[in-house]
Amino acid sequence: MPKLDPISDDFRAAGHKLIDWIADYLDRVDDYDVLSRVKPGEIAAQFPAKPSENGRPYDDLIADFESKLVPGVTHWNHPAFFAYFSITGSQAGILAELLTAAINANGMLWKTSPSLTELETVTLEWMRQSLGLPDGLFGIINDTASINSFLALAAARENLGLDIRGKGMAGRDLPPLKIYCSDQAHSSISKGALALGFGSSGIELIPSDDAFRMRIDALEGAIRRDRAAGALPCAISATLGTTSTASVDPLPQIAGIARREKMWLHVDAAYAGSATIEPTLRWLWTGIEAADSIVVNPHKWLFTPIDCSVLYTRKPDVLRQTFSLIPEYLKTTDTAEVNYMDYGLQLGRRFRALKLWMVMEHYGMERLRAVIRDHVGFAERLAAELQKRDDIELLAPQMFSVVVFRKRSGDEATQRLLDRMNASGRLFVSHTRLKNKLGIRVAIGNGATRWEHVARVLEFL
Ligand code: PLP
């Protein structure tokens with residue numbers, strides 16, 4: 001039997017060709033329409049019902065990729081991609097992904113690849129320092145903020161001391177358990193709580209104020225009412241940089257309540273957390289010393305290709321107590337500090353730290369800071385330009401790199417403007433609804449974005 005994959009000249013030639021393809025793509029990505037125009041099913045219809053029996057050369061596959069798949073790509077690496085949270089597959093990150101696949105190591109245990117574990121520990125300590133987060137946090141990389149918040153809420157539940165790990169939740173005398181976050185929190189908090197058995201009645205969405213920050217009086221009132229009704233408040237999730245407007249919950253007051261009520265304090269800074277590599281934006285973390293867990297996504301605004309999300313906690317022992325389960329075949333005698341499989345749900349783990357390391361080291365923190373400063377500056381300039389216009393209203397204060405606006409004439413006109421922008425292919429913006437008004441949402445975050453890309457928004461007004 002031939003080996004699956006004897007090293008061949010074809011591999012080398014295809015590899016070189018692909019690096020050229022990637023370089024050309026990144027160089028010319030601005031020429032593409034940002035948003036793919038294909039109709040549902042159009043991409044799938046181009047593929048045969050069964051895979052090839054005898055294989056096809058790389059050249060054929062690269063040609064298929066270009067002609068059949070690229071038309072169905074929405075170009076997240078486009079400098080005028082302003083929808084959701086715009087992200088960057090940076091060149092350093094792309095090269096690291098190649099190496100990750102090449103060694104294809106699984107970092108479930110320290111000994112299954114010491115480099116995976118130890119580089120993760122090193123880069124997360126660098127990142128902690130670079131963000132100005134408190135000393136002594138334990139960090140772990142997982143795929144997404146959604147999963148990291150789920151893990152944090154699981155630890156919060158375990159931290160109640162009710163031995164839910166041992167006894168489960170059903171058929172015993174447990175009070176209703178409650179999680180609190182604002183009505184602007186990302187849906188992943190509610191999803192995580194649902195998966196952990198809190199039930200939708202166990203999730204309290206606290207109203208936010210005029211600037212979309214969690215209302216402290218409403219939080220206190222909800223906790224008081226729940227306690228009086230016999231429920232057990234478990235965790236508060238504060239959002240620093242909400243999805244719709246990048247608003248920042250009042251963490252110091254929330255932390256005071258969490259401390260007083262002996263609740264777990266989770267902080268979702270998936271987007272805005274990365275901005276604090278720039279010291280002037282570190283006000284974001286005011287009150288963070290009290291956080292039990294913190295989520296920051298380098299795959300959002302730290303120029304690392306998706307996926308890469310970091311969970312920091314000052315209670316790794318609780319995370320471990322929640323998730324560690326070591327079958328005989330995974331027992332080791334190493335005295336290594338950490339086997340990351342003990343701190344989450346998944347066993348196998350990719351070498352995600354490699355791309356984060358390569359991004360930080362290749363560009364250097366000062367260059368990354370400069371890009372963050374540019375993005376925030378572009379958002380400030382856009383907000384200022386929009387405010388000069390009588391027909392436009394900002395729906396929320398401009399925060400970090402997010403601007404939300406609408407046509408004063410109402411939702412229909414706003415929707416028409418949004419549709420016109422996105423149909424042009426020249427930029428991609430998304431929408432949100434704030435106080436029942438439709439808003440066009442611009443989030444700047446791609447490493448190639450210049451002011452001239454952001455200024456396209458103004459051309460459509
Ligand atoms: N938290 C916030 C504040 C977000 O804005 C998002 C996504 O936009 C998430 C969490 C979820 O991120 P992920 O896609 O990494 O699960």
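Count residues from 1 along the sequence. Read the numbers this way: they start at 1 and go in the same order the structure lists the ligands and their atoms.
By the criterion of a heavy-atom distance under 4.0 Å, the side chain of F85, and not its backbone, is placed next to ligand 1. Heavy atoms of D307 found under 4.0 angstrom from ligand 1: none, in either backbone or side chain. Under 4.0 angstrom from ligand 1, the non-hydrogen atoms of D268 all belong to its side chain.
Counting heavy atoms of neighbouring residues, nucleotides and ligands inside a 6.0 Å radius, atom NZ of K68 exceeds 12 of them.
Residue A270 approaches ligand 1 through these ligand atoms, each under 4.0 Å from one of its heavy atoms: 1 (N), 2 (C), 10 (C). Below 4.0 Å from some heavy atom of G241 lie the following atoms of ligand 1, by number and element: 3 (C).
Considering both main-chain and side-chain atoms, K300 comes within under 3.5 Å of ligand 1 through a nitrogen or oxygen pair. Distances between N or O atoms of Y271 and those of ligand 1 include no value under 3.5 Å.
With a 6.0 Å cutoff to the six-membered ring centre and a 45° limit on the axis angle, R441 counts as a cation-pi contact of F85.
Using cut-offs of 30° and 60° on the angle between ring planes, the pair Y25 and W21 is parallel.
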| message | Is there a salt bridge (charged side-chain N to carboxylate O under 4.0 Å, His left out) between R320 and E158? Walk through the geometry before answering. | response | CA-CA 10 Å; R320 198 162 189 278; E158 197 55 31; over 6 Å; no
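W301 has its ring centre no less than 6.0 Å from the ring centre of Y84.
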